[in-house]
Amino acid sequence: MERRRSFPDVLAGGIFVLIGGAFVAGSLGYELGTPLRMGPGAFPLLVGAILAALGLAIVVKGLVAGEVISFGPIPWRAVVLISLAVLFFGFTVRGLGFVPASAVTTLLTTLASSRVRPLTVAAVTLGLTVAATLIFVVGLQLRIPLWGPWLGF
């Protein structure tokens, strides 16, 4: 009987184990508290342990009963544009403000698809920018200016 392995499952599970382990290690620097009075380190410890356990289960599944699949072609356009969008937002949100930084970030991520139409890009950009502003600035009262000093507001 042939044992098949799934490299994507093993890789993804390994990443989950590493991230979960980092959360567990980071949480040990905080007070854990008791089950009735949890400290600031309890939640990251639990989430990290659960993530690491799930990652380990994915690794085992990939080694034991994995499916033989290939990655296929890498969508470089999407990888580059989404990475640029995240970096753009992180570096410009304080200078441009939340609304323009969100709009450009949404625009870049929408353009990551090669099958999107200009009207769809405009609608998604407008809709997600309004929704993000209502959720984060109005609803959650995130203390960040809507329009930043780089724009003269």
Side-chain angles (χ1 to χ4, degrees), residues 3-72 74-113 123-151 153:
R3 295 181 83 176
R4 301 182 312 189
R5 294 190 174 113
S6 172
F7 180 70
D9 283 349
V10 173
L11 182 64
I15 291 171
F16 285 177
V17 169
L18 287 175
I19 293 171
F23 270 86
V24 168
S27 71
L28 295 177
Y30 295 101
E31 181 183 340
L32 296 177
T34 64
L36 294 177
R37 271 193 169 284
M38 291 189 206
F43 185 71
L45 176 73
L46 291 173
V47 170
I50 290 169
L51 185 63
L54 290 173
L56 189 60
I58 293 171
V59 167
V60 169
K61 181 221 175 246
L63 290 174
V64 174
E67 300 171 9
V68 180
I69 58 172
S70 64
F71 274 91
I74 298 173
W76 287 111
R77 176 181 172 155
V79 170
V80 169
L81 283 174
I82 291 173
S83 298
L84 281 175
V86 171
L87 290 172
F88 177 83
F89 185 83
F91 285 119
T92 64
V93 68
R94 292 196 188 273
L96 286 177
F98 187 79
V99 172
S102 296
V104 173
T105 300
T106 305
L107 178 73
L108 287 172
T109 54
T110 306
L111 290 174
S113 172
V124 168
T125 300
L126 179 65
L128 285 179
T129 302
V130 169
T133 303
L134 290 174
I135 291 169
F136 292 106
V137 177
V138 177
L140 296 175
Q141 297 177 354
L142 183 67
R143 294 180 185 218
I144 194 157
L146 292 176
W147 305 97
W150 292 353
L151 300 175
F153 294 115

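The figures here come from the full heavy-atom set of this structure, side chains too, leaving out hydrogens, waters and symmetry mates.
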For R77 and S113 the tightest heavy-atom approach is NH2-O, 3.7 Å
When every non-hydrogen atom of P100 is compared with those of G97, the smallest separation belongs to CD-O, 3.6 Å
All heavy atoms of T129 vs all of A103, minimum pair found to be OG1-CA, 3.3 Å
Inset, instruction - May I have the step-by-step check of side chain to side chain contact (heavy atoms under 4.5 Å, CB included) for F136 and I144, ending in yes or no? - result: CA-CA 9 Å; F136 292 106; I144 194 157; over 6 Å; no
The reported gap from CG in L51 to CG in L18 (rounded to nearest 0.5 angstrom) is 10.0 Å
Taken to the nearest 0.5 Å, the spacing of L126 CG from L107 CG works out to 12.0 Å
With no hydrogens and no angle check, is any side-chain donor or acceptor of T34 less than 3.5 Å from a backbone partner on R37? yes
CG of L32 to OG of S27, rounded to nearest 0.5 Å, is 6.0 Å
Nearest heavy-atom contact between G14 and V59 is N-CG2, 3.5 Å
Query raised in the report: Heavy-atom distance under 4.5 Å between the side chains of L45 and L28, does that happen here?
Result: yes
A52 and V17 have their tightest heavy-atom pair at O-CG2, 3.5 Å
Separation between CG (L142) and CZ (F98), nearest 0.5 Å, reads 6.5 Å
Value for CZ (F88) from CG (L96), rounded to nearest 0.5 Å, stands at 5.0 Å
For S102 and V99, indicate whether the former's side chain and the latter's backbone hold a donor-acceptor pair under 3.5 Å. no
Scanning both residues in full, the closest heavy-atom pair of T110 with V124 reads OG1-CG1, 3.5 Å
Here the gap from I82 atom CD1 to L111 atom CG, rounded to the nearest 0.5 Å, amounts to 11.0 Å
